[in-house]
2 protein chains.
Amino acid sequence: MKRKITLKQIARELDVSISTVSKALSNSKEISEDTTKKIQAFAKLYNYKPNNIALSLKNRKTKTIGILIPEIVHHFFSTVIRGIELIANRRGYNVIVGLSNESFTKEIINMEMLANGSIDGFILSISKETLLKQDYHHFNATINQGMPIVMFDRVVSEVDCDKVIVDDFNGAVKAVKKLVDNGCKNIALITTMDYVSVGRLRTQGYLEALGTSGIDANSNLILKIDDSLDVENHLDDLENEIAQFFKINENIDGVFAVNELYAVTAMKVARKLGLNIPNDVQVIGFTDGVLSKHATPSLTTVSQHGQKMGEQAANLLIDRLEAIDAESDQYFTNDERKSDFIKVVIETEIIERESTK
Amino acid sequence: MKRKITLKQIARELDVSISTVSKALSNSKEISEDTTKKIQAFAKLYNYKPNNIALSLKNRKTKTIGILIPEIVHHFFSTVIRGIELIANRRGYNVIVGLSNESFTKEIINMEMLANGSIDGFILSISKETLLKQDYHHFNATINQGMPIVMFDRVVSEVDCDKVIVDDFNGAVKAVKKLVDNGCKNIALITTMDYVSVGRLRTQGYLEALGTSGIDANSNLILKIDDSLDVENHLDDLENEIAQFFKINENIDGVFAVNELYAVTAMKVARKLGLNIPNDVQVIGFTDGVLSKHATPSLTTVSQHGQKMGEQAANLLIDRLEAIDAESDQYFTNDERKSDFIKVVIETEIIERESTK
DNA sequence: ATTCGCAACGAAAACGTTTTCGTGTTGACA
DNA sequence: TGTCAACACGAAAACGTTTTCGTTGCGAAT
């Protein structure tokens, strides 16, 4: 077991100074061709690779970006990570992930753990608990320390930073319009509580689409699921709730659900009630994941393009990091530096499958 | 925007030496109570936190572990990550993830990128291409450099390291036995090509279970899917292949599939052919993911307990890292240090749902 | 009066780089 | 012969810590 070799060891072995070795390896023309070749050969032989930590310390940047998300066993979030990793790697960055598990405290702990030099910037999506508390001081604090943040999907106007969001509102509008165009008269909405902004926006899109289609919104047709409890492990509760909903509203001929789990469950319930999909009731869900693709019938969805979101977020962050780099040469007053933050909106797309006509 | 404060700045501000500040902050009794209090107050006021990179350089360990997996948009792998992150965080470690995307080259690039000081050890699962090439020199190389590796799920005997695997063989045996016990006479196997060890082991389990049940294996009932092509984006190919399979073998009354996608697709195909599940044909899949839980009918599966695998892997790695730490005090010859590597086997569990009687 | 011990602090090395700024040795040229 | 530039290299600082080993001053003991 031979540990990694360092400049110092090469220098000692070849009887030159550390600086000579360093320069030779970077092909500096300060060093003669002879010694350069000798050193490079030796370095290659012993498989020398510069130590990242030492470089990070010297350059005061780590070339790694921190991802902080609520949950990783989740199709959308993992897609985003894939996008981030793709771009990050391509541009020479590493990715370190922290999971908030939807908890305010874990979010803070994780941020502090990473903000102390481990990373150059954050890409994050806010936890539910944080959204509920509306306490965003930790975000602003780390931004004030000079660490850039890019938020995606679950964002908040109280924090000034770059953002990548999906057009929840228009996505919902498109979906509901499609149901209307397909002949649905009584379109139900299955959504979450309002504090998660994406749920709220999708609900607004639903209402908007009904309005412009000349259909009166009927509050009986809106089902708000309390997702503060762990839905995944209380599937039958969810099923029962939706079943009740269907029994009370027998006239439902279209369903728009704000996520695919609700949509798939709605399909399941409807079929148990003897309804045919898509003939008796058509269903569209938000979030295009594995479930939608492989359900029977397969589910028409509003795709969020998670990977694209991740790619955009990564590009935004790295662009900003490199801008800061370039900036540090010049002199800027605080006002000049106060850049305008970018908000990228990813367009949604309807993916038609078997659950609609 | 105020950058993070350093020991040096505190020292200058309070007109003491750097060492005094460092000692005061760690409550050394070398420093008088007065100065200690003064320094700690100042540090708290300016929210001093030691710089992780500097600490890493000094201590020659980063307190972060590298995860290298083939794919992240994958229920099983993300579950494992969740387990790793849970333990890592609890034990004071961060996790940095690299994706090989099933590519040999990306696997190597990623390893080299991380092995140069960024992490203390690896947790990884081998890419398909690497398994196909059977070239494992990069694993052995990093182990030889003193960096411990823990492999999970897709492991290989050619590399000497700790391993966490699921009992693929017995899991398959259990599943097929259950089908036999439930009255199935003609049990089909839908599997992958042999080079992925887990697929091979599950196939062996299938054969074993048939053998001990006194049923002759019929090679017509074994369907090997070529998953070197991107199955997710060629779903209809998969469907057609399985449909042909069913048409040729009309007597199939049970299906064991080595992953949930194959299982769910088999169910879909069977139903299109007018077969009832579970009355006409019963289905069990390996890998318990979202699909299994939410399919209609829901799928009976062999659960791999991904999160538990992640937790075990993390504990194994951190245990070893801390052992190395303690070791470094004493003197060991190479022979003495050659420790025995641990192989943890995670027991599978059959989760019964609607696709079996 | 000298020695001793202790309390309180500082200097410096070390971790592994890169980079700036010397410095000594050539050879050419006036 | 003396000057100067070019060449080839080394010393040292810096990044931010921790830790070892001084060093100082002072009261007590001999």
Side-chain angles (χ1 to χ4, degrees), chain A residues 2-40 42-43 46-63 115-120 145-146 325 328-329, chain B residues 2-40 43 46-64 115-120 145-146 325 328-329:
Chain A
K2 36 185 177 181
R3 282 216 103 70
K4 301 225 58 153
I5 198 172
T6 71
L7 287 187
K8 190 192 282 193
Q9 296 172 42
I10 300 184
R12 184 163 359 111
E13 215 69 28
L14 260 44
D15 215 46
V16 291
S17 79
I18 297 183
S19 9
T20 304
V21 179
S22 174
K23 289 169 186 167
L25 291 180
S26 56
N27 281 312
S28 160
K29 36 189 236 168
E30 264 186 84
I31 307 299
S32 75
E33 205 173 324
D34 278 5
T35 33
T36 299
K37 278 195 174 157
K38 189 177 60 177
I39 291 177
Q40 290 189 348
F42 191 90
Y46 283 89
N47 191 30
Y48 170 79
K49 296 277 166 52
N51 180 303
N52 269 332
I53 297 293
L55 282 180
S56 296
L57 184 59
K58 177 124 204 27
N59 301 330
R60 293 147 119 240
K61 60 186 164 198
T62 60
K63 287 272 183 180
N116 296 320
S118 303
I119 62 169
D120 295 339
Q145 298 200 345
D325 244 35
S328 68
D329 296 339
Chain B
K2 34 185 181 182
R3 280 217 104 69
K4 302 228 56 155
I5 198 171
T6 71
L7 286 188
K8 190 193 281 194
Q9 296 172 41
I10 299 184
R12 184 160 3 108
E13 216 68 30
L14 261 44
D15 214 49
V16 291
S17 79
I18 297 183
S19 7
T20 305
V21 179
S22 175
K23 288 169 187 166
L25 291 179
S26 56
N27 282 313
S28 160
K29 35 187 235 166
E30 265 186 81
I31 308 299
S32 75
E33 205 173 325
D34 278 5
T35 32
T36 299
K37 277 193 175 159
K38 189 177 58 177
I39 291 177
Q40 289 190 347
Y46 283 89
N47 192 30
Y48 170 80
K49 296 277 167 52
N51 180 303
N52 268 332
I53 297 292
L55 282 179
S56 295
L57 184 59
K58 177 120 200 39
N59 300 330
R60 296 150 114 234
K61 59 186 162 197
T62 61
K63 286 273 183 177
T64 100
N116 296 320
S118 303
I119 61 169
D120 295 340
Q145 300 201 345
D325 243 36
S328 68
D329 296 339

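All chains are named by letter (A, B, ...) in the order of the sequence lines, taking the proteins before the strands, and each is independently numbered beginning at 1.
- The base of dA8(D) does not come close enough to the side chain of Ser32(A) for any donor and acceptor atom to sit less than 3.5 Å apart.
- Between the side chain of Lys23(A) and the base of dT17(C), no donor-acceptor pair under 3.5 Å is found.
- Using modelled atom types, one side-chain atom of Asn51(B) and one backbone atom of Ile53(B) make a donor-acceptor pair closer than 3.5 Å.
- As a whole-Å value, the separation of Ile31(B) CD1 from dT19(D) P is 13 Å.
- When distances run from any side-chain atom of Thr20(A) to the nucleotides dC9(D), dG16(C), dT17(D), the shortest one goes to dC9(D).
- When atom types are taken as modelled, the side chain of Thr62(A) and the backbone of Ser56(A) share no donor-acceptor pair closer than 3.5 angstrom.
- Atom pair Asp15(B):CG and dA8(C):P shows a separation of 19 Å (rounding to whole Å applied).
- For the pair Arg3(B) CZ and dG16(D) C1', the computed distance is 14 Å after rounding to whole Å.
- Thr36(B) places a side-chain N or O within 3.5 Å of a backbone atom of Ser32(B) that can act as its donor or acceptor partner.
- Nearest-nucleotide mapping onto DNA chain C: of Lys8(A) and Ile18(A), the residue sitting toward the 5' end is Lys8(A).
- For Leu7(A) against Ser22(A), the heavy-atom pair with the smallest separation is CD1-CB, 3.9 Å.
- With rounding to whole Å, Leu7(A) atom CG is found 13 Å from dC15(C) atom C1'.
- Rounded to whole Å, the distance from CG on Leu55(A) to C1' on dG16(D) is 15 Å.
- Separating the CD1 atom of Ile39(B) from the P atom of dT17(D) is a distance of 14 Å, rounded to the nearest angstrom.
- Using a 4.0 Å cut-off, some side-chain N or O of Thr35(A) falls inside it from OP1 or OP2 of dC9(D).
- Between the OH atom of Tyr46(A) and the C1' atom of dG16(C) there is a distance of 19 Å, rounded to whole Å.
- Contact annotation: Arg60(A) reaches the phosphate of dG16(D) (side-chain N/O to OP1 or OP2, under 4.0 Å).
- In this structure, Glu30(A) and Ala54(B) both approach DNA chain C, and ranking their closest nucleotides by distance from the 5' end singles out Ala54(B).
- Using a 4.0 Å heavy-atom cutoff across all strands shown, Ser19(B) reaches at least one base atom of the nucleic acid.
- One can place CD of Gln9(B) at 10 Å from P of dC15(D), the figure rounded to the nearest angstrom.
- Here Ser22(B) does not reach the OP1 or OP2 of dT19(D): none of its side-chain N or O atoms lies under 4.0 Å away.
- Heavy atoms only, all atoms of each residue included: Lys23(A) and Ile31(A) are closest at CB-CG1, 3.7 Å.
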